[in-house]
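Computation of the quantities below employed the complete heavy-atom set of this structure, encompassing side-chain atoms and omitting hydrogens, waters and symmetry-equivalent molecules. Residue indices begin at 1 and follow the sequence shown.
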Amino acid sequence: QVQLVESGGGLVQAGGSLRLSCAASGLTFSTYNMAWFRQAPGKEREFVAVIRRSGGSTYYSDSVKGRFTISRDNAKNMVYLQMNSLKPEDTAVYYCAAGRAMVASQRRDDYEHWGQGTQVTVSS
């Protein structure tokens, strides 16, 4: 079965950096768009970043643009999220998601597979 396993979360001070990883198995990785979403307490899960199947195109939410970078390694079935200049408002559980929509979607419904999430906490 499909498994997405996130790692790399933790506690960091404002201005610091973290790199999240997502290991995928049980799917033909190169045929999926891969995305990161996040969910803060009491809020809906929101889009963070997506990378297309080939890795040629990336898109970001306005709140993280210029600070976060999504990348993938199709040979290793891995997707990454490099997070720099972290802010307390970035505190959330971060989820990796895989979807086969024709476009690199920002909609949760376009992603069929989800990981369990990894907690990121940014202290002020």
Side-chain angles (χ1 to χ4, degrees):
Q1 72 277 20
V2 175
Q3 279 194 314
L4 301 177
V5 180
E6 302 95 338
S7 61
L11 174 64
V12 63
Q13 287 188 333
S17 298
L18 282 175
R19 187 194 194 208
L20 304 184
S21 300
C22 173
S25 60
L27 74 171
T28 306
F29 185 74
S30 61
T31 67
Y32 283 80
N33 298 318
M34 297 299 297
W36 289 93
F37 287 76
R38 66 186 182 186
Q39 188 166 17
K43 295 188 177 181
E44 291 193 352
R45 193 171 299 188
E46 65 173 3
F47 167 79
V48 174
V50 60
I51 186 166
R52 286 185 60 87
R53 296 166 179 79
S54 64
S57 298
T58 58
Y59 302 94
Y60 300 90
S61 68
D62 288 343
S63 61
V64 308
K65 198 174 298 181
R67 300 187 297 123
F68 291 11
T69 302
I70 188 171
S71 61
R72 66 189 295 162
D73 185 336
N74 285 352
K76 295 182 179 180
N77 286 11
M78 296 289 295
V79 63
Y80 307 98
L81 186 68
Q82 178 67 44
M83 306 186 295
N84 298 329
S85 302
L86 282 161
K87 304 175 181 180
E89 51 264 44
D90 294 318
T91 295
V93 177
Y94 283 71
Y95 296 91
C96 174
R100 300 185 72 173
M102 292 301 295
V103 297
S105 174
Q106 300 183 19
R107 298 175 61 245
R108 288 174 294 177
D109 289 348
D110 287 331
Y111 293 88
E112 299 93 272
H113 306 293
W114 293 82
Q116 292 300 306
T118 186
Q119 176 71 47
V120 171
T121 303
V122 185
S123 63
S124 57

Checklist entry - Can you tell if the side chain of L81 reaches within under 4.5 Å of the side chain of R19, non-hydrogen atoms only? => result no
Checklist outcome for this item: Here the pair of heavy atoms bringing R53 nearest to M102 is NH1-O, 4.2 Å
Item to check | Residue pairs fulfilling salt bridge (Lys or Arg N to Asp or Glu O under 4.0 Å) with at least one residue in residues 33-43, sequence neighbours excluded | outcome: R38-E46, R38-D90
Checklist entry - Heavy-atom distance under 4.5 Å between the side chains of E44 and Q39, does that happen here? => result no
Item to check | Residue pair M78 / Y80, side-chain heavy-atom distance below 4.5 Å | outcome: yes
Item to check | Derivation and outcome, side-chain contact (heavy atoms from CB on, under 4.5 Å), residues V79 and I70 | outcome: CA-CA 7 Å; V79 63; I70 188 171; 4.0 Å; yes
Checklist entry - Are side-chain N/O atoms of R67 and N84 paired as donor and acceptor at under 3.5 Å? => result no
Item to check | Qualifying ring-ring contact (aromatic ring centres under 6.0 Å, His included) pairs with a residue from residues 19-77, counting only residues at least two apart or across chains | outcome: Y32-H113, F37-F47, F37-Y111, F37-W114
Checklist outcome for this item: In short, G99 meets E112 closest at the heavy-atom pair CA-OE1, 3.2 Å
Checklist entry - Below 4.5 Å, heavy atoms only, C-beta onward: do N33 and I51 meet side chain to side chain? => result no
Item to check | Nearest non-hydrogen partners of C22 and L4, listed with the distance | outcome: SG-CB, 4.0 Å
Checklist entry - Taking atom types as modelled, is there a side-chain donor on N74 or S30 under 3.5 Å from an acceptor on the other? => result no
Checklist outcome for this item: On a heavy-atom basis, the closest approach of S124 and A14 is CA-CB, 4.4 Å
Checklist entry - Within a strict 4.5 Å, meaning less than it, do heavy atoms of the T121 and V12 side chains meet? => result no
Item to check | Which atom of L27 lies closest to which atom of A24, heavy atoms considered | outcome: CD2-CB, 3.7 Å
Item to check | Reported CD-to-SG distance for the pair Q116 and C96, which is rounded to 0.5 angstrom | outcome: 11.5 Å
Checklist entry - Going from CD on Q106 to CG on D110, what distance comes out if it is rounded to the nearest 0.5 angstrom? => result 10.5 Å
Next on the checklist: Is there a continuous path of hydrophobic side-chain contacts, each under 4.5 Å between heavy atoms, that joins Y95 to V48?
Outcome noted: no
Checklist entry - What heavy-atom pair brings Q119 and V93 nearest, and what distance separates the two atoms? => result OE1-CG2, 3.3 Å
Item to check | Side-chain heavy atoms of M83 within contact of L20, under 4.5 Å | outcome: yes
Checklist entry - What distance separates T58 OG1 from M34 CE, expressed to the nearest 0.5 Å? => result 14.5 Å
